Amino acid sequence: MPELPEVETTRRGIAPWLEGRTLVCARVREPRLRWPIADEIRQLGDEPVRGVRRRAKFLLLDLDSGQLLLHLGMSGSLRVVVADTPPDKHDHLDLVLDSGRALRLRDPRRFGAALWTSEPDRHPLLDKLGPEPWDPGVDGEWFYRKARGRRRAVKDFIMDAGILVGVGNIYAQESLFRAGIHPARAAGRISRKRYGLLADTIRAVLGEAIEVGGTTLRDFAGAGGAPGYFRQQLTVYGRGGEPCRSCGRTLRAVRHGQRGTVYCPRCQR
DNA sequence: ATCGGGACCTGCTTGC
DNA sequence: TGCAAGCAGGTCCCGA
């Protein structure tokens with residue numbers, strides 16, 4: 001479900017309910033997520049929430065004793081609920097607040113995570129991450145240098161969180177279409193100029209998706225339950241076999257690795 | 001060093 | 001209508 005725009009939409013939705021409030025306790029119903037829910041989280045009590053930030057697709061809750069990291073994986077979502085609301089089958093974790101509300105993590109596939117670090121922003125999983133798409137220096141020249149000698153498909157390259165964070169399967173396809181780049185083209189065989197366009201395009205696509213509250217697929221909704229509206233702006237994702245909105249040619253759907261990929265064989269080279 | 005593939009899960013859609 | 005296969009937004013880790 002969540003790519004960067006969905007995570008950022010979630011962050012904006014939950015932050016006003018958390019910041020300035022005190023976390024009273026955590027209730028763990030199912031600790032078996034991608035990694036077991038950290039013991040430190042179970043033992044939390046009476047800690048003011050100093051901030052709710054995002055790094056890549058992690059949500060970071062800054063507390064005085066350390067930092068709680070939440071990842072939504074493929075199917076995770078966060079809602080703010082009245083604390084005694086009966087949990088759904090897949091509601092694995094509640095962070096109970098002094099306001100009588102709780103931040104509730106739901107994740108049917110359990111690819112998500114709830115982790116802990118006593119050193120803010122220094123969890124091992126954060127250390128290997130590349131820059132955010134909006135970080136200064138992420139431009140055509142930067143991509144071009146990073147891609148030197150690489151033969152792998154540019155789609156895989158831009159989805160590699162060690163290179164750049166925040167580009168998942170939906171927005172990789174959308175960005176490559178808008179930039180006119182074939183998803184299977186070798187990363188090392190793209191010019192500075194085209195990478196410059198791609199860098200701008202990735203920021204534009206992600207930015208537009210954040211502005212409209214992300215993409216609603218299946219059951220994604222923001223923290224308040226409102227759907228995201230980027231779905232209406234998807235140009236290639238999920239449209240294999242349908243006509244290209246730019247040239248009319250039939251969009252091709254292929255499988256690259258294990259992931260579906262749709263592109264226009266005429267507009268993307 | 002770089003890469004491709006498998007693995008982790010459940011639920012919904014599709015096709016026989 | 002029932003059942004199985006296929007597919008889904010992420011990403012770590014392994015072996016080649």
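Order of the sequence lines fixes the chain letters, A, B, ..., with proteins taken first and strands second; residue numbering starts at 1 for each chain. Predicted, not measured: the structure shown is a model, and the values here were computed from it.
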Complementary nucleotide of C/dG9, counting Watson-Crick and G-U pairs under 3.5 Å | none
Can you find an N or O donor on one side and an acceptor on the other, under 3.5 Å apart, linking the side chain of A/Arg259 with the base of C/dA8?
-> no
Distance in angstrom units between A/His90 NE2 and B/dC9 P, rounded | 14 Å
Compare side-chain N and O positions of A/Arg152 against OP1 and OP2 of B/dT2 and report whether any pair is under 4.0 Å apart.
-> no
Whole angstrom value for the distance that separates P of C/dG10 from CG of A/Leu115 = 18 Å
Does B/dC9 have a Watson-Crick or wobble partner in any strand here, with both distances under 3.5 angstrom, and which is it?
-> none
With rounding to the nearest 0.5 Å, note down the distance linking CD1 in A/Ile41 to CG in A/Leu70.
-> 7.0 Å
Rounded to the nearest angstrom, tell me the gap between atom CZ in A/Arg106 and atom P in B/dT10.
-> 16 Å
A/Glu208/A/Arg178 salt bridge by N-O under 4.0 Å criterion | yes
Separation of C/dC7 atom P from A/His256 atom NE2, nearest Å, is 16 Å
May I ask you to evaluate whether A/Gln258 reaches the phosphate of B/dG6, defined as a side-chain N or O under 4.0 Å from OP1 or OP2?
-> yes
Mind calculating the distance between CG (A/Leu126) and C1' (C/dT11) to the nearest angstrom?
-> 14 Å
Taking the nucleotide of DNA chain B with the closest heavy atom to each, which residue, A/Arg110 or A/Arg150, is nearer the 5' end?
-> A/Arg150
Should A/Tyr171 be listed as having a side-chain N or O under 4.0 Å from OP1 or OP2 of C/dG9?
-> no
Do A/Arg152 and A/Phe157 meet the cation-pi criteria used here (NZ or CZ under 6.0 Å from the six-membered ring centre, within 45° of the axis)?
-> no
When the distance from NZ of A/Lys128 to P of C/dC12 is rounded to whole Å, what number comes out?
-> 7 Å
If you check the A/Lys57 side chain, which of C/dA8, C/dT11, C/dG9 turns out closest?
-> C/dT11
Donor/acceptor link under 3.5 angstrom from A/Arg34 side chain onto base of C/dT11 | yes
Please state whether the phosphate of B/dG11, meaning OP1 or OP2, lies under 4.0 angstrom from any side-chain nitrogen or oxygen of A/Lys89.
-> yes
C/dG6 and B/dG6: how far apart are their P atoms, nearest whole angstrom?
-> 14 Å
Rounded to the Å, how far apart are A/Leu125 CG and C/dC13 C1'?
-> 12 Å
Could you label the plane-to-plane angle of the A/Phe143 and A/Tyr195 rings as parallel, tilted or perpendicular, counting under 30° as parallel and over 60° as perpendicular?
-> parallel
Testing A/Arg53, A/Arg50, A/Arg55 for salt bridge (charged side-chain N to carboxylate O under 4.0 Å, His left out) with A/Asp62, which one passes?
-> A/Arg53
Mind checking the P distance from C/dT11 to B/dC12? Whole angstroms is fine.
-> 23 Å
In whole Å, what is the span from the CD1 atom of A/Ile170 to the C1' atom of C/dT11?
-> 16 Å
Quick one: on DNA chain C, does A/Phe58 or A/Thr261 contact a more 5' nucleotide (nearest heavy atom)?
-> A/Thr261
Pair A/Tyr237 and A/Tyr263, ring centroids less than 6.0 Å apart = no
Does the ring of A/Phe111 lie flat against the base of C/dT11, closer than 5.5 Å centre to centre with planes under 30°?
-> no
